[in-house]
Amino acid sequence: MTLSGKTALVTGGNRGIGLATVRALAQAGAEVHFTARSAANLAAAQRDLGDIPATGHLANMTDRIAMATVLDLGFDILVNNAAVIAPIGRILDVSAEDWATSIDTNLTSAFHATQRALTHMVARGGGTIVNISSGAAHRPQEGWSAYCAGKAGLAMLTRSVHLEYGHQGIRIFGFAPGVVDTDMQVSIRASGINPVSRLPRESLAPPQEPAQAIAWLCTAAADPLAGQELDVRSPELRAAAGLPPLP
Ligand SMILES: NC(=O)c1ccc[n+]([C@@H]2O[C@H](COP(=O)([O-])OP(=O)(O)OC[C@H]3O[C@@H](n4cnc5c(N)ncnc54)[C@H](OP(=O)(O)O)[C@@H]3O)[C@@H](O)[C@H]2O)c1
């Protein structure tokens with residue numbers, strides 16, 4: 001797998017699946033950039049990355065100007081990874097403001113990043129976008145109405161981009177990473193609100209697994225899957241991306 005000569009941006013690349021994706025893309029030879037929303041998180045990520053070359057940018061996903069400044073560097077690959085699980089709560093227990101913040105972070109900001117990235121990709125004749133999806137895009141979970149609605153919207157954005165720009169060399173994928181051992185799952189376990197929150201930590205996948213599949217999606221080998229919502233638990237995808245079969 002080689003991505004040498006390609007430039008990539010991972011949003012929310014300072015921890016969890018995003019950080020593992022920064023590593024995987026860099027190890028595949030890409031020139032990798034990532035965003036983090038605080039200087040402390042940026043510095044911590046650079047420490048975690050050690051010798052792995054990656055350029056961090058301070059940008060909140062919801063700050064259109066800061067994100068445009070980064071995206072105007074022009075990337076071959078965009079991984080829309082940054083997202084929040086909050087607010088967790090049944091519909092009568094969450095505020096409309098918190099719901100809107102979730103949609104702004106998980107959906108509208110991904111739209112803005114996609115739009116800005118696309119202007120450069122279309123001008124260059126091609127590019128790859130990976131939208132990090134979730135099983136929640138297709139199946140409601142109690143207490144996650146904002147997260148589910150945002151991810152469902154993101155899945156439709158994936159299909160819309162494919163419809164409108166697929167013929168102009170834009171490869172876009174929705175990718176559900178499975179249930180992964182990150183801080184997001186710590187918050188989910190603390191809530192105890194639905195079956196996902198009761199999954200034991202030992203049953204969760206390491207972030208390196210989805211990261212390896214994301215890097216594979218950025219290669220030409222994944223061309224036939226463009227425009228689709230994919231799941232790391234697919235045996236075919238795992239085999240193609242070099243991941244071990246699930247037990
Ligand atoms: N973990 C799972 O089981 C799972 C399952 C399905 C889908 N996903 C999806 O996978 C992706 C990564 O999740 P994760 O588990 O790695 O989550 P995580 O550990 O909570 O990390 C989320 C990342 O997004 C960043 N982020 C959130 N809001 C942001 C904002 N406004 N601006 C900039 N960055 C922001 C966070 O930055 P801070 O460090 O500053 O908070 C962090 O870097 C998400 O799209 C998530 O929905 C995860």
Side-chain angles (χ1 to χ4, degrees), residues 9-24 33-46 48-49 54 56-67 70-71 78-88 98 100-110 112-113 129-139 141 144 146-155 157-158 173-191 194-201 203-211 213-214 229-233:
L9 178 70
V10 181
T11 66
N14 59 289
R15 61 186 169 105
I17 295 168
L19 181 63
T21 302
V22 170
R23 274 203 192 92
H33 296 239
F34 67 97
T35 64
R37 60 178 159 173
S38 82
N41 291 352
L42 198 63
Q46 293 286 14
D48 284 351
L49 286 164
H57 301 269
L58 194 55
N60 194 308
M61 198 57 198
T62 59
D63 181 338
R64 312 289 180 237
I65 294 169
M67 285 302 293
V70 178
L71 283 156
L78 168 66
V79 182
N80 273 319
N81 167 78
V84 290
I85 188 71
I88 298 178
D98 290 347
T101 298
S102 166
I103 296 294
D104 188 20
T105 308
N106 296 358
L107 178 57
T108 313
S109 298
H112 275 273
I129 300 173
V130 182
N131 284 334
I132 305 303
S133 185
S134 166
H138 309 285
R139 197 174 46 251
Q141 286 287 346
W144 291 6
Y147 184 75
C148 292
K151 291 293 186 185
L154 188 64
L157 176 64
T158 299
F173 306 88
F175 175 71
V179 189
V180 186
D181 190 10
T182 66
D183 294 340
M184 186 175 279
Q185 288 293 337
V186 174
S187 310
I188 290 168
R189 277 198 299 282
S191 74
N194 62 28
V196 183
S197 68
R198 292 187 283 278
L199 292 172
R201 182 174 180 193
S203 70
L204 309 189
Q208 294 77 12
E209 278 205 3
I214 293 163
E229 278 278 295
L230 305 163
D231 194 302
V232 75
R233 289 158 286 205

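Computation of the quantities below employed the complete heavy-atom set of this structure, encompassing side-chain atoms and omitting hydrogens, waters and symmetry-equivalent molecules. Atoms within each ligand, like the ligands themselves, are counted from 1 in listed order.
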Give yes if a backbone or side-chain nitrogen or oxygen of V84 is under 3.5 Å from a nitrogen or oxygen of ligand 1, and no if not.
no
Could you tell me whether the side chain of L154 reaches within less than 4.5 Å of the side chain of E229, counting heavy atoms only?
no
May I have the step-by-step check of side chain to side chain contact (heavy atoms under 4.5 Å, CB included) for I129 and T158, ending in yes or no?
CA-CA 9 Å; I129 300 173; T158 299; over 6 Å; no
As a quick check of understanding, evaluate side chain to side chain contact (heavy atoms under 4.5 Å, CB included) for H112 and L71, giving each step before the final call.
CA-CA 10 Å; H112 275 273; L71 283 156; over 6 Å; no
Please state which protein non-hydrogen atom is closest to atom 10 (O) of ligand 1 and give its distance, to 0.1 Å?
I132 CG2, 3.2 Å
For atom 39 (O) of ligand 1, grab the closest protein heavy atom and report residue, atom and distance to one decimal in Å.
R15 NE, 2.6 Å
Validation row: T182, R15 side chains within 4.5 angstrom (heavy atoms)
no
Mind checking whether P177 has a heavy atom under 4.0 Å from ligand 1?
yes
Please determine whether the number of non-hydrogen atoms from other residues, nucleotides or ligands lying under 6.0 Å from atom CZ of R198 exceeds 12.
yes
Proximal ligand 1 atoms for D183, defined as those under 4.0 Å from one of its heavy atoms
19 (O)
Check contact between A20 and ligand 1, using heavy atoms of the residue and a distance below 4.0 angstrom.
no
Short N or O distance, T62 and ligand 1, threshold 3.5 Å exclusive:
no
Looking only at distances, please establish whether an N/O atom of ligand 1 is found under 3.5 Å from an N/O atom of V180.
yes
When only distance counts, is N41 in polar contact with ligand 1, meaning an N/O pair under 3.5 Å?
yes
Are any of the heavy atoms in P207 under 4.0 Å away from ligand 1?
no
What protein heavy atom lies closest to atom 1 (N) of ligand 1? Include the residue and the distance to one decimal.
T182 OG1, 3.2 Å
Determine, considering heavy atoms only, which of G16, A83, A82, G12 sits nearest to atom 22 (C) of ligand 1.
A83
So if I count the atoms of ligand 1 from 1 in the order they appear, which ones are less than 4.0 Å from some heavy atom of V179?
3 (O)
At a 4.0 Å threshold, what atoms of ligand 1 neighbour a non-hydrogen atom of Y147?
6 (C), 7 (C), 8 (N), 9 (C), 46 (C), 47 (O)
With a 4.5 Å limit on heavy-atom distance, are the side chains of P177 and I132 in contact?
yes
Distance to 0.1 Å, residue and atom name: give those for the protein heavy atom nearest to atom 31 (N) of ligand 1.
N60 OD1, 2.8 Å
Ignoring hydrogens, just give me the one of Q185, M61, M184 whose non-hydrogen atom is nearest atom 13 (O) of ligand 1.
M184
Any side-chain heavy atom of L42 within less than 4.5 Å of one from N14?
no
For atom 5 (C) of ligand 1, grab the closest protein heavy atom and report residue, atom and distance to one decimal in Å.
G178 O, 3.0 Å
Do the side chains of Q185 and V196 get nearer than 4.5 Å, heavy atoms only?
yes
In the protein, which heavy atom is nearest to atom 16 (O) of ligand 1, and how far is it?
I17 N, 2.9 Å
Give the residue and atom name of whichever protein heavy atom lies nearest to atom 37 (O) of ligand 1, and the separation in Å to one decimal.
N14 OD1, 3.5 Å
What is the minimum heavy-atom distance between A146 and P87, and which atoms define it?
CB-CD, 4.0 Å
After noting the C-alpha distance and the side-chain angles of L49 and F34, does the key distance pass the side chain to side chain contact (heavy atoms under 4.5 Å, CB included) rule?
CA-CA 12 Å; L49 286 164; F34 67 97; 3.8 Å; yes
My understanding is that we take every heavy atom of each candidate and find the minimum distance to atom 44 (C) of ligand 1. Doing that for D104, T101, T105, N81, which one comes out nearest?
N81
Given the rule in the side chain to side chain contact (heavy atoms under 4.5 Å, CB included) test, do R37 and D63 qualify, once you have shown the distances and angles that lead to the verdict?
CA-CA 10 Å; R37 60 178 159 173; D63 181 338; over 6 Å; no
Is the closest side-chain heavy-atom distance between F175 and I17 below 4.5 Å?
no
